[in-house]
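The structure appears right after this line, and notes come after that.
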Amino acid sequence: VRGAVGAELVKYTVIPETIRSNNLGLTNSAQIFRGDIEQDVESYFAEILIPIIGPAQGLPGINSFDLNISVRRDDYPLFGSTTNPKVGFDWEVLEGLKLRASFSESFVAPPMSTTADQYTFSQHGASGGRLSIPIAFYPEARQLPGCENETVFCVVGTGTPRLGMRRLGTDPNMEPQTGKSWSVGFDLAPTDLPGRLSVTYFENQFRGGVTSGNNNMIVNAPGERHKLTLFPNGATQAQINALARGNPLTSELPPTVYFFANNDMANVVNLDISGWDVQGDYTIDTSGIGSFRLGGAVTYFDSFDQFFGKGG
């Protein structure tokens with residue numbers, strides 16, 4: 001039995017600096033927002049390799065069987081703690097043929113910039129560009145001025161009388177990004193041939209990738225549609241103030257706000273991926289000029305599904 005333990009301490013420092021107009025004076029003045037974001041991440045890890053069966057036991061069909069177990073714990077002052085395991089085995093059926101499998105979980109803390117004060121990265125203002133709102137998903141869009149007879153889309157934004165506002169900040173309920181993966185495969189290295197072949201099937205699951213959803217994503221992804229709010233009669237000042245959430249105003253709002261787009265940084269991206277990895281090489285020995293190794297690798301994805309938001 002072999003094992004290893006370890007620990008590490010990593011100090012992270014981010015010093016964001018943002019220059020923004022403060023709309024004061026006869027000329028365009030600006031303010032500089034600067035603040036330090038720090039965190040010390042403590043990590044502890046352990047791994048153990050257990051040879052359960054060896055060649056000396058002479059079992060048919062099991063030349064050797066090794067079990068590998070590891071665990072890692074990370075303590076983030078800004079985002080909490082996480083413990084993630086990994087377990088796998090190597091089963092040598094006979095000399096030159098090995099079967100293997102593994103399972104693991106992973107954790108990625110949100111970007112440290114998401115903890116900055118609202119004056120550094122956050123903002124609100126007029127929503128630029130045009131947006132086609134599907135009537136099927138937002139039937140109340142037909143109550144917006146000029147869209148009463150629309151049956152497919154109500155177009156809002158630049159070039160229309162239906163203008164709105166957006167907010168770009170940080171979701172206060174943001175969670176860590178997590179992942180799970182498992183794989184099975186075999187390694188073939190015949191003792192009488194100068195070559196090797198490895199084949200692996202894998203499945204990876206990634207949840208809660210942090211990004212800012214754009215407006216087209218918001219209106220089309222089921223898990224994100226709640227981030228668009230419509231105001232057929234125009235938003236009141238109290239509603240605008242609540243939606244701005246105290247974030248700085250960076251562009252003048254239209255006289256009437258008919259819609260609000262929440263573009264906050266949040267847990268938006270989810271991935272389900274599966275496929276095959278194949279690797280191989282072959283060695284050619286020559287009598288006069290040495291040896292040559294020919295090798296290649298290919299990855300084939302039989303699924304690569306991406307969806308946005310929870311339940312998207």
Side-chain angles (χ1 to χ4, degrees), residues 12-18 20 31-42 74-84 105-128 131 137-138 164-179 205-231 235-251 253 257 259-271 306-312:
Y12 295 95
T13 301
V14 177
I15 307 176
E17 185 174 277
T18 304
R20 283 185 173 157
Q31 286 179 295
I32 298 177
F33 300 97
R34 178 187 174 110
D36 294 354
I37 309 172
E38 297 182 350
Q39 69 170 346
D40 296 338
V41 180
E42 299 177 0
D74 298 286
D75 294 328
Y76 293 83
L78 299 178
F79 306 108
S81 300
T82 176
T83 301
N84 296 288
E105 296 181 350
S106 60
F107 170 103
V108 178
M112 288 176 60
S113 59
T114 59
T115 66
D117 65 80
Q118 64 192 115
Y119 292 100
T120 304
F121 294 113
S122 303
Q123 58 180 274
H124 82 282
S127 181
L131 175 63
F137 301 151
Y138 299 89
M165 65 175 283
R166 68 188 291 260
R167 185 186 68 223
L168 177 58
T170 300
D171 183 353
N173 299 313
M174 186 181 299
E175 300 174 350
Q177 307 158 94
T178 61
Q205 181 186 87
F206 179 65
R207 293 290 181 270
V210 175
T211 189
S212 172
N214 61 53
N215 289 348
N216 286 323
M217 177 195 299
I218 288 174
V219 299
N220 288 294
E224 293 289 286
R225 290 179 193 147
H226 65 281
K227 295 183 178 180
L228 180 72
T229 306
L230 303 180
F231 300 97
T236 66
Q237 189 58 52
Q239 289 172 321
I240 292 174
N241 292 341
L243 294 171
R245 216 168 58 192
N247 293 330
L249 176 67
T250 56
S251 59
L253 294 178
V257 172
F259 69 91
F260 166 72
N262 177 357
N263 301 134
D264 285 351
M265 296 284 288
N267 300 108
V268 173
V269 180
N270 306 289
L271 293 173
Q306 178 176 256
F307 59 97
F308 305 103
K310 294 182 178 180

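Both backbone and side-chain heavy atoms feed into the values below; hydrogens, waters and symmetry mates do not. Everything quoted here is computed from the prediction, not taken from an experiment.
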- Criterion side-chain contact (heavy atoms from CB on, under 4.5 Å) on I218 and R225, from CA distance to verdict: CA-CA 5 Å; I218 288 174; R225 290 179 193 147; 5.7 Å; no
- Working for side-chain contact (heavy atoms from CB on, under 4.5 Å), residues N262 and L228: CA-CA 6 Å; N262 177 357; L228 180 72; over 6 Å; no
- Begin from the C-alpha positions of Y12 and L78 and carry the test side-chain contact (heavy atoms from CB on, under 4.5 Å) through to its verdict. CA-CA 11 Å; Y12 295 95; L78 299 178; over 6 Å; no
- Worked check of side-chain contact (heavy atoms from CB on, under 4.5 Å) between Y138 and V219: CA-CA 9 Å; Y138 299 89; V219 299; 4.0 Å; yes
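For the pair L230 and F260, the minimum side-chain heavy-atom distance is 4.5 Å or more. Counting heavy atoms from C-beta on, the side chains of P77 and Q39 come closer than 4.5 Å.
Panel note: side chain Q239, backbone T236; a donor-acceptor pair is recorded below 3.5 Å. A donor-acceptor pair is defined here as one N or O able to donate and one able to accept, closer than 3.5 Å; no such pair exists between the side chain of R167 and the backbone of G125. Without hydrogens or angle criteria, S212 side chain to M265 main chain gives no donor-acceptor distance under 3.5 Å. Side-chain atoms of N247 never come within 3.5 Å of backbone atoms of L168 as a donor-acceptor pair (strictly under, hydrogens ignored).
The structure places CZ of R166 at 12.5 Å from NZ of K227, a figure rounded to the nearest 0.5 Å. One finds the CG atom of L271 at 8.5 Å from the CZ atom of F307 (value rounded to the nearest 0.5 Å).
Evaluation of the salt bridge (charged side-chain N to carboxylate O under 4.0 Å, His left out) rule for D74 yields R72 as partners, not counting sequence neighbours. Residues satisfying the salt bridge (charged side-chain N to carboxylate O under 4.0 Å, His left out) criterion with E42, sequence neighbours excluded, are absent altogether. When the ring-ring contact (aromatic ring centres under 6.0 Å, His included) test is applied to F107, the partners found at least two apart in sequence or on another chain are Y76.
Heavy atoms only, all atoms of each residue included: A261 and N215 are closest at CB-OD1, 3.3 Å. Closest non-hydrogen pair, E224 versus G309, comes out as OE2-CA, 3.3 Å. Looking at every heavy atom in both residues, P111 comes nearest to F79 through O-CZ, 3.9 Å. Nearest heavy-atom pair, T229 versus F231, reported as atom, atom and distance to 0.1 Å: CG2-CZ, 3.7 Å. The two atoms that bring A126 and S251 nearest to each other are N-OG, 2.9 Å, heavy atoms only.
If you run side chain to side chain contact (heavy atoms under 4.5 Å, CB included) between V210 and each of V268, V269, N267, only N267 comes through.
For the residue pair N263 / N214, no side-chain donor-acceptor distance below 3.5 Å is found, with atom types taken as modelled.
Here D264 pairs with R245 in a salt bridge; the nearest charged N to carboxylate O distance falls below 4.0 Å.
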